[in-house]
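Data block below; observations after.
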Amino acid sequence: MTFWGPDFDALQAADPEIAGVVTDELARLRSGLQLIASENFTSPAVLAALGSTLSNKYAEGYPGKRYYGGCEVVDVAEQIGIDRAKELFGADHANLQPHSGASANIAVYGAFMQPGDTVLAMSLPHGGHLTHGTKVSFSGKWFNAVHYGVAQGSEHIDYDQMRDLAREHKPKMIIAGGSAIPRLIDFAAFREVADEVGAVFMVDAAHFIGLVAGKAIPSPVPYADVVTFTTHKVLRGPRGGALVCKAEHAAKLDKAVFPMMQGGPLMHAVAAKAVNFKECMSADYQAYTRQVIANAQALTESLAAEGMRPVTGGTDTHLALLDLQGIGVSGRDAEARCDRAGIVLNKNAIPYDPQPASVASGVRVGTPAVTTQGMTEGDMKEIGSLIGRAVRDEDGSAAEEVRRGVDALVQAHPAYPRA
Ligand code: DSN
């Protein structure tokens, strides 16, 4: 059997400029500490599926029911992927065609809501997501969005507020999940409120679905009508989206993904998602997810020792949110100062942040990528101390020394090690 591509020599010959970008990006990934909580290093097997000729095929529809001929081969990939997703997550139904997490979310709105209907979701500045009803997104422009947040003292989700808002506004849909929530979510509490007010309960599990796949944290699948996610975060698959749902919603959601919101699926990405789900069924992957959490907890402790206050006091997941007000550094400055020393993280609003989002009082860190590199708790202690030095380094005089510390870590634990 012949595999055609990925052929880097062909890219270099045809387009040296873009070939240079590809190699520069690999060099950047290898040379720094990647602490963006939503990023990871996907496997060579997933990359091979992504770089395959499956990219050529139009396959509008679903396995066995396509609008094009010649789909009998890609049908196999999609059906295997669907079956694996159902097994991995214990779900009745899966759809692997959403191009991204946002696309999966759009489909859920399309399936259950009419323009003007009310959605209740976590506010973005408290850890939610753009597609959960913010004014700049379709979700806030076309729907009436009401937001719950975290309680001011504990910084945990304010379930009483969520229940009160649901009773007052009778939303058509309630969303749990977001992009900066360090703690486990009480899905049973959401289900109870959704049942009380007759709402659909959606979980946007993009951030933590990989931890669920690895059985390191509890699953939302038994509680939610539909769970949307991305496949490239802790899960470590290709960049893309997916959803799983209860059997009663399967036909509606499939129709909302295609033809309501999307056209032809990206069959190379669908196949890569199938490869990823197989990887996630292994004992190695489960151990990886436990280590991701242990690393996040160790990194959080180390950052706290450097004067950065963990929002909620810690983390149960792969990410932590740090309040930098105590050390008098903005999130924006911290991000820039870390970047110059080879530490990649992002500024992030903290709950009740006095700063605008473009400045922010906090940073978000995550351990999916460094854990894929094989780093453990001792390395996290060192990373915390390097970040502590970098964020206080106003004039850049310590950047070189911090970068030497980063170099030592990434040389001991290389990303995409050379054969
Ligand atoms: N952009 C993603 C993140 O970084 O969390 C969420 O969509």
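- Of the listed residues (I175, V226, T228, L130), just one forms a side-chain contact (heavy atoms from CB on, under 4.5 Å) with N105, and that residue is T228.
- Residue N295 forms a side chain to side chain donor-acceptor pair (under 3.5 Å) with just one option from T300, T371, T367, T376, and that option is T371.
- Panel note: side chain Y285, backbone N276; no donor-acceptor pair is recorded below 3.5 Å.
- Looking at every heavy atom in both residues, A145 comes nearest to G133 through CB-O, 3.4 Å.
- A centroid separation of less than 6.0 Å is found between the aromatic rings of F41 and Y416.
- Here the side chain of H232 pairs a donor or acceptor atom with the backbone of G240 at under 3.5 angstrom.
- The backbone N or O of S361 sits nowhere less than 3.5 Å from a side-chain atom of Q325 that would complete a donor-acceptor pair.
- Using modelled atom types, one finds a donor on one side chain and an acceptor on the other under 3.5 Å when comparing Q97 with E78.
- For the pair S103 and Q262, the tightest heavy-atom approach, listed with the atom from each and the gap, is CB-OE1, 3.4 Å.
- Proximity of a side-chain donor or acceptor of S302 to a complementary backbone N or O of L299 within less than 3.5 Å is not detected.
- The minimum heavy-atom distance linking Y109 with T131 is given by the pair OH-O, 2.7 Å.
- With respect to E306 and R392, a salt bridge is recorded, a charged nitrogen being found less than 4.0 Å from a carboxylate O.
- In this structure, the side chain of H318 does not engage the main chain of P368 through any donor-acceptor pair within 3.5 Å.
- Judged by distance alone, the side chains of D204 and H132 do bring a donor and an acceptor atom under 3.5 Å apart.
- Proximity of a side-chain donor or acceptor of T23 to a complementary backbone N or O of G20 within less than 3.5 Å is detected.
- Between F187 and F190, the distance from one ring center to the other does not fall under 6.0 angstrom.
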Can you list the steps and then say if I387 with L345 is a side-chain contact (heavy atoms from CB on, under 4.5 Å)? CA-CA 10 Å; I387 293 174; L345 44 70; 4.2 Å; yes
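- For E401, the side-chain hydrogen bond (donor to acceptor under 3.5 Å, both in side chains) partners are R389, not counting sequence neighbours.
- Without hydrogens or angle criteria, D353 side chain to I350 main chain gives a donor-acceptor distance under 3.5 Å.
- In this structure, the side chains of E192 and R163 come closer than 4.5 Å at one or more pairs of heavy atoms.
- To the nearest 0.5 Å, atoms SG (C245) and NZ (K86) are separated by 10.0 Å.
- Look at E400 and R403 and you find no salt bridge, because none of the NZ, NE, NH1 or NH2 atoms lies under 4.0 Å from a carboxylate O.
- Among all heavy-atom pairs drawn from A151 and D158, the shortest one is N-CB, 3.8 Å.
- Across all their heavy atoms, N95 and P98 have their closest contact at OD1-CD, 3.4 Å.
- To the nearest 0.5 Å, atoms OG (S43) and NZ (K278) are separated by 11.5 Å.
- The minimum heavy-atom distance between K246 and V221, with the atom names listed, is NZ-O, 3.2 Å.
- The residues K381 and E377 are annotated as not salt-bridged, no charged nitrogen and carboxylate oxygen being separated by less than 4.0 angstrom.
- D225 contributes no side-chain N or O that, together with a main-chain N or O of V200, makes up a donor-acceptor pair within less than 3.5 Å.
- With V292 as reference, L211 is the one residue of L211, N40, V370 to meet the side-chain contact (heavy atoms from CB on, under 4.5 Å) rule.
- Using a 3.5 Å distance cut-off with no hydrogens or angles, the side chains of S330 and Q355 do not pair a donor with an acceptor.
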